[in-house]
Amino acid sequence: MPSNENQIADDSLLVRYLLGELPETEAEPLDLSSVADDDFAARLSAVENDLVDAYVRGDLEGETLERFTSWFLASEPRRAKVALAAALLERERTARVADAAASRLSWKASSTRRRTWSLLAAAMLILVTSGYLLVVELRPKGPESRIAERREAAAPAVTAEEPVTQLPSPPLPLPAEEPGRVADSRAEAAPLRTISFLVAPQTRAGESVVTVSVPPGTDEVTARLQLEFDEFPQYEVVLKNPATDESLWRSGGLRPRRQGALRIVSARLPASLLKTQNYSVELAGLSSDGAPEFIGNYVFRAVLE
Amino acid sequence: MASKELKKHWNLSEEAFRALLAWLDGGAESDGASYLEMRRRLVAYFDRKNSSSPEDLADETLNRVARRLEEEGEIRDATPPHFCYMTARFVYLESLRSGGHRERSLEETSGASGRGLTLSAPFDADSESQQKMMGRLEDCLEKLQTGERELILEYYRGERREKIERRRELAMKLGLTLNALAIRAARIRSRLEQCVTGGADDSESTFLSHRSE
């Protein structure tokens, strides 16, 4: 199937062709190339894929969007292209969330390891020091010791011959409470397994939903809700099952915080509440007298791994 | 009239089908890939023409080509793709006359009006279908060669500016022009699409995994 460079048209013309906007006289040569020209057919597919991707990402606007929804989506094979594009996008977002979670967990794990080793080192130092003092205090006092004591009594200044070498070289047994203390330190340093995700308010129906993959053993899922306007001192968050409108969890008063150019309200949801399904998060502003005022709705999808 | 009736009821024999595959291959054995690619283009062509049954018309086109090959032994007046297009054009015009074509709108085909239903957000409506779709996508991605899988995921990843930059870097890494990269990615995605939409039986899956670019 030969290539015909002369018939390769620019992308905007191809978009109009794909949206059925060209008159028959202009479309016919492109019809021929779409079947008979390898490179044109592939390029047409490339432009079509980018068009479909732009649609599922919400990048189409104006007449192009109108034409896409009224004409392009009228065909089952073309809707299948949209479904594939949406699946690829979903996969990309899921992978991005997983990567972010993995890097956070990795950072926490290394941070925890550093803390644990620091605590262990500090504990060892304390043990060695206290062990030394204990040994010095309790060691049997033989003739040499007594002589030394007399020397000390006679001349209290420490000399070079004083028993630095008598420090026990083998490690001391740990006092009974020490292992527990070390274990407690480890327990304190154990990472709270948390997944965090950023979600923008839903401004129109049919927007792609943020998917949150929840690995086994996750303790908390932190929903970072992006505020469009920050007008309240505190906010309240209600997690709902959109299928039943049942309230599953309600936060207390949450203060907004700044993250770069964004204003964020973070709601720490117990992971045990979540199943693999869509959830809606209702955000209400709390005025100074505590009265809630509905602000917006956020949607995410939890996927339990 | 008798001749017309004969043609109408002509059935594609295995021998005629093999001759069609060989003719589309143009002497190079493609293991059916040329046929599948031609059929895909014809379906897309009829679909863009808003034909009511693009798959049937594509098959009808290829049947007529096979019949012509069987009757005449060879076709010399056009290249295989060009001849397929000319035949498709006739089939399309005939379908217009017989009412096999209609201007479809979104409302007609789906009962939906405008953006916002399952069309624009196919994952929002039905979690079971979402899971199935994602599962099929993963299966089909697995069937691609590693380099192809990495290329297509990398090529279509990211938002506007980020995506453009990523593609530029990818093209440099692979030593391709942006246009050549776009064509390669589109071909892989086309095969992925055929697999995901359920058209790929075992033989097509083989085609998916073994056909080289």
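Quick note on labels: first sequence line is chain A, next is B, and so on, each numbered from 1.
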Next item on the list: Would you mind telling me which of B:Arg40, B:Lys163, B:Glu55, B:Arg157 has the largest number of heavy-atom pairs within less than 4.5 Å of chain A?
Entry: B:Arg157
Item checked: B:Glu94 and B:Arg64 ion-paired at < 4.0 Å -> yes
Next item on the list: Please state whether the side chain, the backbone, both or neither of B:Glu138 comes within less than 4.5 Å of a heavy atom of chain A.
Entry: side chain
Item checked: Structural part of A:Glu28 lying under 4.5 Å from a heavy atom of chain B -> both
Next item on the list: Applying side chain to side chain contact (heavy atoms under 4.5 Å, CB included), name anything that partners B:Ala88, two or more places apart in sequence or on another chain.
Entry: B:Leu42, B:Tyr45, B:Phe46, B:Thr61
Checklist line | Note: B:Glu193-A:Lys81 ion pair, threshold 4.0 Å (strictly below) | finding: yes
Item checked: Distance under 6.0 Å and angle within 45° of ring axis: B:Arg189 vs B:Tyr156 -> yes
Item checked: Under-4.0 Å salt bridge between B:Glu71 and B:Arg68 -> no
Checklist line | Per-residue contact mode, B:Ala182 against chain A (heavy atom under 4.5 angstrom) | finding: both
Checklist line | A:Leu19 versus chain B, the contacting section by heavy-atom distance below 4.5 Å | finding: neither
Note to self: Below 4.5 Å, heavy-atom pairs only: which of B:Ala44, B:Gly158, B:Ala78 has the largest tally toward chain A?
What the structure shows: B:Gly158
Margin query: Looking at A:Asp50 and A:Arg57, is any side-chain nitrogen of the basic one under 4.0 Å from a carboxylate oxygen of the acidic one?
Written below: no
Check: Who among A:Asn49, A:Val303, A:Leu89, A:Leu84 has the most heavy-atom pairs with chain B under 4.5 Å?
Finding: A:Asn49
Check: In terms of heavy-atom proximity below 4.5 Å to chain A, should B:Arg136 be classed as side chain, backbone, both, or neither?
Finding: neither
Check: Can you name the side chain to side chain contact (heavy atoms under 4.5 Å, CB included) partners of A:Asp230, sequence neighbours left out?
Finding: A:Leu227, A:Tyr235, A:Pro256, A:Arg263
Notebook entry, point to check: Where on B:Leu153 is there a heavy atom nearer than 4.5 Å to chain A: the side chain, the backbone, both, or neither?
Noted result: side chain
